[in-house]
Amino acid sequence: DQQVKQNSPSLSVQEGRISILNCDYTNSMFDYFLWYKKYPAEGPTFLISISSIKDKNEDGRFTVFLNKSAKHLSLHIVPSQPGDSAVYFCAARGEYGNKLVFGAGTILRVKS
Amino acid sequence: EAQVTQNPRYLITVTGKKLTVTCSQNMNHEYMSWYRQDPGLGLRQIYYSMNVEVTDKGDVPEGYKVSRKEKRNFPLILESPSPNQTSLYFCASSLKGDAAYGYTFGSGTRLTVV
């Protein structure tokens, strides 16, 4: 049973517009969340993170929002660029802190 | 350059033939881990190591072994590979065991077992 779910396998967005990637989790013990980006033939790379004591974290064009009551987080990319085309994984720190639990990933395609 | 290096990048093998995928990091990280990525399932943890000589099972450890004799190396061993172990494997390392530090991943090993 997946504890971190990314229900949209793919998303297509026009260059310059906003990309919104969603993630839901079921374990209320998760207290730290991360987004990773993965290009083909490469390993995932860290993008942005958020602690459960916050509801928003921003880094340049990337903003992550956390809604604890809904057990939902989202990654906003504004403006989207063709180089943002990749697979995005949502991850949560496991309740013992010693692992990341990943979602299935969302393929983002930014069209120019 | 700080990195996690996995070898080989691609491997095709036959059922039952023992194999080892190597992983090495040059960042003096304490924590290392192996994940496998399968379509629709994301990345699932196989084994992890909090430090030298300390290893523990992740979520899908069946059919795999690991060892951590040195801080920099964390090989993944498949004693008798089966077709259901066909997957994309990633090694990761982190400064400390707390996952909030984030992981540095290798480039992946695509394994096919026929």
Side-chain angles (χ1 to χ4, degrees), chain A residues 1-10 21-27 29-54 57 59 62 64 66 86-107, chain B residues 1-10 21 23-25 27 29-51 54-61 87-110:
Chain A
D1 183 34
Q2 283 197 293
Q3 299 184 73
V4 177
K5 299 178 183 178
Q6 294 176 255
N7 291 318
S8 297
S10 65
L21 296 96
N22 294 305
C23 177
D24 297 294
Y25 61 97
T26 58
N27 191 333
M29 299 298 290
F30 290 159
D31 64 353
Y32 198 86
F33 303 90
L34 305 90
W35 284 92
Y36 280 80
K37 176 171 151 179
K38 183 185 177 304
Y39 292 119
E42 295 183 12
T45 55
F46 170 75
L47 189 57
I48 193 169
S49 62
I50 188 167
S51 165
S52 61
I53 63 173
K54 295 186 175 182
N57 188 28
D59 183 1
F62 303 91
V64 56
L66 175 62
V87 179
Y88 289 79
F89 290 100
C90 171
R93 179 169 67 175
E95 53 191 282
Y96 301 109
N98 57 6
K99 72 175 181 183
L100 290 178
V101 180
F102 285 85
T106 297
I107 301 170
Chain B
E1 180 190 351
Q3 59 186 358
V4 176
T5 304
Q6 293 178 232
N7 281 297
R9 291 293 308 273
Y10 301 92
V21 183
C23 175
S24 180
Q25 51 92 5
M27 297 166 283
H29 283 176
E30 289 185 357
Y31 179 93
M32 298 185 76
S33 182
W34 277 102
Y35 281 81
R36 60 179 287 175
Q37 182 190 353
D38 300 291
L41 297 175
L43 290 91
R44 293 178 294 165
Q45 190 183 55
I46 303 170
Y47 269 93
Y48 67 95
S49 170
M50 298 291 279
N51 213 325
V54 181
T55 63
D56 210 343
K57 296 177 181 178
D59 297 318
V60 288
S87 187
L88 179 57
Y89 291 86
F90 289 102
C91 180
S93 73
S94 181
L95 182 64
K96 299 286 185 181
D98 186 340
Y101 280 88
Y103 293 171
T104 301
F105 283 88
S107 297
T109 295
R110 185 166 291 282

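Predicted model, so just to flag it, every value in this text is computed and none were measured.
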Chain A contact via B:R9 - which portion, at a heavy-atom distance below 4.5 Å:
side chain
Determine yes or no for a side-chain-to-main-chain donor-acceptor pair under 3.5 angstrom, with B:Y35 supplying the side chain and A:L100 the backbone.
yes
When A:P44, A:A104, A:C90 are compared by non-hydrogen pairs under 4.5 Å with chain B, the top option
A:P44
CE of A:M29: more than 12 outside heavy atoms within 6.0 angstrom?
no
Side chain of A:N57, backbone of A:V64: donor and acceptor closer than 3.5 Å?
no
Under the salt bridge (charged side-chain N to carboxylate O under 4.0 Å, His left out) definition, can you give me all pairs with a residue in residues 38-51 of chain A, not counting sequence neighbours?
none
What part of A:F33 gets closer than 4.5 Å to chain B, counting heavy atoms only: side chain, backbone, both or neither?
neither
Contact part of A:L34 toward chain B, heavy-atom cut-off under 4.5 Å: side chain, backbone, both or neither?
side chain
Atom group of B:Q6 that falls short of 4.5 Å from chain A, counting heavy atoms:
neither
Flag the one option from B:A92, B:G97, B:A100 with the top tally of heavy-atom pairs under 4.5 Å to chain A.
B:A100
Under 4.5 Å, heavy atom to heavy atom: which of residues 44-51 of chain B reach chain A? Give them by number, or say none.
B:Q45, B:Y48, B:M50
Has B:Q25 got a side-chain atom pairing as donor or acceptor with B:C91's backbone, closer than 3.5 angstrom?
no
Would you check if the side chain of A:Q2 reaches a backbone N or O of A:G103 as a donor-acceptor pair within less than 3.5 Å?
no
Under 3.5 Å, side chain of B:S94 to main-chain N/O of B:Y103, donor-acceptor pair present?
no
Taking the inter-plane angle between the rings of A:Y36 and B:F105 on a 0 to 90° scale, is it parallel (under 30°), tilted (30 to 60°) or perpendicular (over 60°)?
perpendicular
Is there side-chain contact between A:N22 and A:N7, with heavy atoms separated by less than 4.5 Å?
no
